[in-house]
Colleague: 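Handing you this structure, nothing more for now.
Quick note: numbers below take in every heavy atom, side chains included, and nothing from hydrogens, waters or symmetry partners. Quick note: residue numbers are just sequence positions, from 1. Read the numbers this way: they start at 1 and go in the same order the structure lists the ligands and their atoms.
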Amino acid sequence: MRVYLDNNATTIVDPQVKTVMDPFFSQIYGNPNSLHAFGSESHVDLNNAMEKIYAGIHAPKMDSVVITSCATESNNWVLKSIYFDYIMNGKKDHIIISEVEHPSIIATAKFLESIGVKVTYLPINEEGLIEAKTVRDNITPKTALVSVMWANNETGAIFPVQEIGDICKEHGVLFHTDAVQAIGKVPVDVQSFNVDYLTFSAHKFHGPKGVGALYIKKGKEPSPLFHGGSQMGGLRSGTLNVPGIVGMGKAIELAVDALDFDMPDVKELRDRLEDALLEIEDTFVVTPREKRTHNTILISFRGVEGEAMLWDLNKSGIGASTGSACASEDLESNPVMEAIGAADDLAHTAIRFSLSRFTTEEEIDYTIGVVKDAVKRLRGISSSYAYTPKNHESAL
Ligand code: PLP
């Protein structure tokens, strides 16, 4: 059996999404900016897709949603444009991010630091959560931007973006949220709270890879990262990824519908997996269920190296993850476990299971059996885990 439980890294393209994309590879393939029928014949579908994308985050028409190549690009764009627009001219000198942002934020912030920008990295608490008051405590008159993700890719922890948005507004500071792990998991409505920029990416909600977006509030348009043509109102040049945009439109529509229809089932399966795994002795989950996305479990089995567990799971056809969604080949401890201050023996044992609306009960039951066997086997050969008959029984 093959079981895919790494949906925070990427998701299967929904067959309905693939169907709507298909004609745009070899039938309707003109460049939408060309002045002939080959070019213009995609316009209606492009417009419809853009309307769906706006609707998916409830963005008003006057604001912009700019299509990019991925969330990494959107995140780089926001941080680098803040440097060009507010910091390079000496008006501001500081940005605030959390210490558990995706590498596309952390690495960009570190780059900005290397050219003189002051960066504050907000800590998470013992539940893996950001506390909004830490934002207030760190804002200075020179702060240009706060960037805090909506939901964490490792734990699924949901951060208080509404409160953070309010604090930013109170202090006249721009607010960006990386909502990559939020779309399709929590209702995302950019009109319901104060947010200037919001990043998302189609391949995390059953759309195609290579297409992301940045929501930009009117009047907060950043300097472009890519200069060139007039696409996307000149904010992001480059020939439009027509199949990608059409696919993203369909995918976000389905993801928002799934919030009501599929989320309860996904949550039930997630809880079934989590309940069964927590029966194993010496097993820990950091963030309480009600404070995280409904599809994610980051779980530590004391004495079981995450990589060894991945190996066993992989041999049995199960795909899960140990580290950052995009860097699962790194043999490093989990960054969130490190940020919580977990001891080394736990930081190295975290395994992330992330489900989707395509996950089945049969797959979950199979996974429970495989994980229990793997814990028993790996603890049996672990030099750091003290074997006791009690441990042995609980892993059965
Ligand atoms: N932000 C978060 C929270 C993510 O989980 C990821 C991917 O794992 C990204 C950004 C990067 O997304 P993309 O692959 O579209 O660049």
Colleague: Check whether the ring centres of Trp150 and Phe193 lie less than 6.0 Å apart, and answer yes or no.
Modeller: yes

Colleague: Using a 4.0 Å cutoff against the non-hydrogen atoms of Asn153, which atoms of ligand 1 qualify?
Modeller: 3 (C), 5 (O)

Colleague: Using the test side-chain contact (heavy atoms from CB on, under 4.5 Å), find all partners of Ile12 that sit at least two apart in sequence or belong to another chain.
Modeller: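 Ile12 satisfies side-chain contact (heavy atoms from CB on, under 4.5 Å) with His206, Phe358 only.
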
Colleague: Can you list the atoms of ligand 1 that are under 4.0 Å from a heavy atom of His203?
Modeller: 13 (P), 14 (O), 15 (O)

Colleague: What atoms in ligand 1 come closer than 4.0 Å to a heavy atom of Cys70?
Modeller: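 Going through ligand 1 atom by atom, the ones under 4.0 Å from Cys70 are 13 (P), 15 (O), 16 (O).
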
Colleague: Measure the spacing between CD1 of Ile97 and CD of Glu99 and express it to the nearest 0.5 Å.
Modeller: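 CD of Glu99 is found 9.5 Å from CD1 of Ile97.
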
Colleague: So, Asp271 and Arg289, do they make that salt bridge, N to O below 4.0 Å?
Modeller: yes

Colleague: Looking only at distances, please establish whether an N/O atom of ligand 1 is found under 3.5 Å from an N/O atom of Ala71.
Modeller: yes

Colleague: I'd like to check whether Ser104 has a polar contact with ligand 1, where a contact means an N/O of the residue lying under 3.5 Å from an N/O of the ligand.
Modeller: no

Colleague: Could you list the atoms of ligand 1 found under 4.0 angstrom from a heavy atom of Met149?
Modeller: 3 (C)

Colleague: At less than 4.0 angstrom from any non-hydrogen atom of Gln181, what atoms of ligand 1 do you find?
Modeller: 3 (C), 4 (C), 5 (O)

Colleague: Name every donor-acceptor pair, under 3.5 Å, that has one atom in a side chain of residues 56-66 and the other anywhere in the protein, sequence neighbours excluded.
Modeller:
unit_1 : atom_1 : unit_2 : atom_2 : d
His58  : ND1    : Asp189 : OD1    : 2.9
His58  : ND1    : Asp189 : OD2    : 3.1
Asp63  : OD1    : Lys218 : N      : 3.0
Asp63  : OD2    : Tyr215 : OH     : 2.6

Colleague: Does either side chain, that of Asn7 or that of Ser354, offer a donor lying less than 3.5 Å from an acceptor on the other one?
Modeller: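 No, because no side-chain N or O of Asn7 sits under 3.5 Å from a partner of the opposite role on Ser354.
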
Colleague: For ligand 1, which atoms, with element, lie under 4.0 Å from some heavy atom of Lys204?
Modeller: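 Those of ligand 1 that fall under 4.0 Å from Lys204 are 5 (O), 6 (C), 7 (C), 8 (O).
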
